[in-house]
Amino acid sequence: MRILKLQYRLTLFISSIIISIICGLGLASYHMIKNTIETQMGNNAMDLAVTIASMDDIKEALATKKDYKTVQNIVDCFCDKTRFQYIIVMDMNGIKYSYPRGKSLGKKYNDGGEERVLKYGESYVSKDKNVLISAIRAFVPIYYNGRQVGAVLVGLLTDTVYKELSAHILFFKITVVIGLIIGIVGAAILANLIKRTIFGLEPSEIALLLGQRDLILQSIKNGILAIDKDGNILFFNKVAKDILNFKDDDVGKNIKDMHLKYADEMMKALIYKDAIYNQEIKLCHDITLICSHTLLRNHKDEIIGVVSIFEDLTDVKKMAEELTGIKKMTSALRAQNHEFMNKLHTISGLIQLEEYEKALEYISNVSYQRRAVSEVLNNQIKNPHIAGLLLAKYNKAVEAKISLVIDKESNLEEIPQSITVDDLCSVIGNLIENSIEELVKQENGKIIVKLNSNKDGLRIRIEDNGPGIDEKIADKIFIRGFTTKPGNRGIGLSIVKQIIDYAKGSINVIQDNGVIWDIFIPMKGI
């Protein structure tokens, strides 16, 4: 059996409802109009009956004269001037003094319905339908000197009522037909709009697409998380569930209640109405994510939420850090080799010039400087990774003719729980590298590095005598991608800020004949 398409089913269903409603309302309206007209006719008949019953000539004719002709003539005048052709005057015995057909005068009224008016003197309207008559009739007693002498009946045959109703019925039928046509056309238009809204797909096709969508989203290796404009979770796939430790019943909950740094970044995109791409977020001590937050918009281009796609960069970052470490080591060795070659050339030149005392003095100075740095690194800096980093930066600074001094009062015994060695190297390395890049532009450049740790935390102080930071850009230096240098730069300081923020530390930038980076990281974990 072939199933009708959704569009046709909607059209038929809506049309059926509209037809049922209009027909129901039509029947109710028809009966209401009919009853209204019948009531109006009954009231008019009653008014005419009261008028006739109050006429003195008719009262006297019934009470004293028994004059049929006089009563008939008076009633005929009313029949000629009104729609009521059915007017009967009778005495207390039911003898007719007027009748539409005069041959019945003097005979007893036998059509029924007059008992109450003759026996009890009541005035009333009745709608009668029997073998003899079908009419709306008004009965009114006739009194003469306080005594009832008869009654008057004013009636309107049902055919006359239907003639009065026919004009209304015709207009009503036209209205109903027009309403049905408009309803059916409207149903067809609505069904077509619904079809266009769902791109012409049938329910079975929509169900299939939803199933396919779910399979695709769940099989993607990247995490996917979607929220609405109020921050309520709409969807997350299996990867997002595993990384963010969500549960199935978290759908519908507000992302702000999840107490995740990731949630704060998603809400920023929603609040500022601006997408965020390739943002690196440290989720916890050993998980780093790279994510993009894209705004969701409806067909009216209104923002209705945010969808976030992210990837766990932990393994990739470790590999990159290892590769970067190798590269930095190679660069440091190259710089060290270049430095020693320069020193050997200097010593060789002095010897060839037979300046032996100056050669010895030069060797002594170089040895002293190298020994001073080595002593601080070996005795004061207990972590080999950081000591190696500082030595590499020292060699690079020397090659660039910049004096890098490691404060003799430095003391690094323990690293805070909230930061890894790699992250700490990243912070120190980026800040020293920034200073070197600024100082190569001037003479007598100097960098002072001081590290101190105690039970409260780790304090890092890196000072240079460079040109400082322009006040116009001081509040933008930690924004990812912001840089005053050519090329794809502007990442180092944003990474430094992110690492320190995650470790619940603080970083202060002091401008004093250069720049001082003052950092404090608490010793206890998060």
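- Side-chain contact between Asp464 and Ile432 is absent, with no heavy-atom pair separated by less than 4.5 Å.
- Judged purely by atom type and a 3.5 angstrom limit, Asn383 has no side-chain atom pairing as donor or acceptor with the backbone of Val421.
- The side chain to side chain contact (heavy atoms under 4.5 Å, CB included) test with Trp517 is passed by exactly one of Leu493, Val496, Ile510: Leu493.
- Remark: Lys446 NZ is loosely packed, at most 12 non-hydrogen atoms of other residues, nucleotides or ligands lying under 6.0 Å away.
- No donor-acceptor distance shorter than 3.5 angstrom exists from the side chain of Asn44 to the backbone of Asp47, with no hydrogens or angles considered.
- Side-chain contact between Leu424 and Ile386 is present, with at least one heavy-atom pair separated by less than 4.5 Å.
- Using modelled atom types, no side-chain atom of Asn411 and backbone atom of Leu451 make a donor-acceptor pair closer than 3.5 Å.
- Remark: Gln417 CD to Met523 CE distance equals 8.5 Å, nearest 0.5 Å.
- When side chains are defined from C-beta on, Glu463 does not count as touching Ile447, because their heavy atoms never get closer than 4.5 Å.
- Sparse packing is recorded around CG of Asn513, with 12 or fewer heavy atoms of other residues, nucleotides or ligands lying under 6.0 Å away.
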Evaluate Met267 against Ile255 for side-chain contact (heavy atoms from CB on, under 4.5 Å), listing each step before the verdict. CA-CA 9 Å; Met267 291 305 296; Ile255 190 81; 3.8 Å; yes
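- Annotation: salt bridge (Lys or Arg N to Asp or Glu O under 4.0 Å) contacts of Asp407 (sequence neighbours excluded): none.
- With rounding to the nearest 0.5 angstrom, the NE2 atom of His293 is 9.5 Å from the CZ atom of Phe310.
- Lys241 and Asp250 are not joined by a salt bridge, as no carboxylate oxygen comes within less than 4.0 angstrom of a charged side-chain nitrogen.
- The number of heavy atoms from other shown groups lying within 6.0 Å of CG (Asn444) does not exceed 12.
- The existence of a salt bridge linking Glu302 and Arg297 is excluded, since no basic side-chain nitrogen approaches an acidic carboxylate oxygen closer than 4.0 Å.
- With rounding to the nearest 0.5 angstrom, the CD1 atom of Ile271 is 11.0 Å from the NZ atom of Lys273.
- Of the possible donor and acceptor atoms, one in the side chain of Asn237 sits under 3.5 Å from a partner among the backbone N and O of Ile224.
- Considering all non-hydrogen atoms of both residues, Ala400 and Val440 come closest at CB-CG1, 3.9 Å.
- Ile406 places a side-chain heavy atom less than 4.5 Å from the side chain of Leu404.
- Annotation: the span from Leu25 atom CG to Ser20 atom OG amounts to 10.5 Å, rounded to 0.5 Å.
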Could you give me the CA-CA distance, side-chain angles and deciding distance for Glu433 and Lys396, then say whether side-chain contact (heavy atoms from CB on, under 4.5 Å) is met? CA-CA 9 Å; Glu433 194 67 31; Lys396 184 173 182 179; 2.4 Å; yes
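- Residues Met32 and Thr36 have side chains in contact (heavy-atom distance under 4.5 Å, counting atoms from C-beta outward).
- The pair Arg459-Asp518 counts as a salt bridge, with a side-chain nitrogen and a carboxylate oxygen less than 4.0 angstrom apart.
- The only option from Val449, Ile428, Leu412 that meets the side chain to side chain contact (heavy atoms under 4.5 Å, CB included) definition with Ile460 turns out to be Ile428.
- Of all non-hydrogen atoms in Ile462 and Ser435, the two that sit nearest each other are CG2-OG, 4.4 Å.
- Between Asp423 and Ser426, the side chains place no donor N or O within less than 3.5 Å of an acceptor N or O (distance only, hydrogens not considered).
- To the nearest 0.5 Å, atoms CD (Glu437) and CD1 (Ile402) are separated by 10.0 Å.
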Trace of the side-chain contact (heavy atoms from CB on, under 4.5 Å) decision for Val427 with Ile521: CA-CA 11 Å; Val427 170; Ile521 301 173; 5.9 Å; no
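- By the 4.5 Å heavy-atom criterion applied to side chains, Ile381 and Ser410 are counted as neighbours.
- Between Phe236 and Val251 there is a side-chain heavy-atom pair separated by less than 4.5 Å.
- Side-chain contact between Pro467 and Glu438 is present, with at least one heavy-atom pair separated by less than 4.5 Å.
- Counting all heavy atoms, side chain and backbone alike, Ser308 lies closest to Met266 at CB-CE, 3.7 Å.
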Determine, stepwise, if the pair Ile303 / Leu296 fulfils side-chain contact (heavy atoms from CB on, under 4.5 Å). CA-CA 6 Å; Ile303 297 174; Leu296 288 174; over 6 Å; no
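- With rounding to the nearest 0.5 Å, the separation of CD1 in Ile419 from CD1 in Ile500 is 7.0 Å.
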